[in-house]
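Below is one structure, written out as structure tokens; the observations come after it.
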Amino acid sequence: MERGVLERWIKENEGLYVEATRHPFILSIRDGTVDFSAYKRWLEQDYLFIRNFVPFVASVLVKASRESEDDSDMETILGGMAALHDEILWFKKEASKWNVQLSHVVPQNATEAYCRLLEILINPETDYTTAVTAFWTIEAVYQQSFSLCLKSDSKTVAELMEACRRWGNDDFGTYCESLRRIANRHLANAQESVRKKAEEAFKLILQLEVDFWNMSFG
Ligand SMILES: Cc1ncc(CN)c(N)n1
């Protein structure tokens, strides 16, 4: 992986990055020891997250169309947007499989905190470089995490394979690669003040992801 700004930040925040992308909740799915009540808690809260993530991705699309000099940025982001429609349908199907009532889900603190950050990132005041860096970070944490559960030596149980495949599959990995290149390109060309804001968002999102995984433990 070429050494761009994101790779430097990952190195400088290695502990937090590992906590977010190799969380005990994910390792318990990989090892086949996960408690299904934890999985159901995660499922409920992630549905609420996705409902708030959709307008965030739409806001990145708007900023890409206005601020990016490269048309392919918008096309990549549009691809991610389209996938979210299928993702919402998957959540509804998965919820009924586990007898989870999505309409009765109460947002937990970690979910509310994450959604407050998404609101700030949606704001037109947040520049495109910060927004697309946040977008990559959010997607990359899930891709890195769930791909661990698909490794040949993993003991992921059959009931959880669909969820792990959704974010751990190679196509999602390729999509995250595209986002990483877009974010690195804009970070390299950004003024220092913008890079600082993007770095703050990067670290904040890693912490929110750790809090989100922790929440599944109830
Ligand atoms: C909390 C969280 N972070 C990231 C993703 C991947 N879009 C997600 N579904 N949920």
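First listed ligand is number 1; within each ligand, the first listed atom is number 1. Computed from a predicted structure; not experimentally measured.
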What side-chain donor-acceptor pairs closer than 3.5 Å can you find for residues 20-29, not counting sequence neighbours?
from: T21; atom 1: OG1; to: Y17; atom 2: O; distance (Å): 2.7
from: H23; atom 1: ND1; to: F25; atom 2: N; distance (Å): 2.9
from: H23; atom 1: NE2; to: N214; atom 2: OD1; distance (Å): 2.6
from: S28; atom 1: OG; to: F25; atom 2: O; distance (Å): 2.7

Which atom pairs, one a donor and one an acceptor, fall under 3.5 Å between side chains of residues 99-111 and the rest of the protein, sequence neighbours left out?
from: T111; atom 1: OG1; to: Q45; atom 2: OE1; distance (Å): 2.6

Handout entry: Pairs flagged by side-chain hydrogen bond (donor to acceptor under 3.5 Å, both in side chains) wherever residues 29-38 is involved - sequence neighbours left out
Key = D35-S37
Practice task
Verify the distance criterion only: is there a donor paired with an acceptor across the side chains of T126 and N123 at less than 3.5 Å?
Solution key: no
Could you go through ligand 1 and list every pair where one of its N or O atoms sits under 3.5 Å from a protein N or O, giving the atom names and the distance to one decimal?
from: ligand 1; atom 1: 3 (N); to: E209; atom 2: OE2; distance (Å): 2.6
from: ligand 1; atom 1: 7 (N); to: E139; atom 2: OE1; distance (Å): 2.7
from: ligand 1; atom 1: 9 (N); to: D46; atom 2: OD2; distance (Å): 3.0
from: ligand 1; atom 1: 10 (N); to: D46; atom 2: OD1; distance (Å): 2.6
from: ligand 1; atom 1: 10 (N); to: Y142; atom 2: OH; distance (Å): 3.2

Practice task
Would you tell me whether Y39 and E159 have side-chain atoms, one donor and one acceptor, within less than 3.5 Å of each other?
Solution key: no
Handout entry: Y114 vs N52 side-chain heavy atoms within contact, under 4.5 Å
Key = no
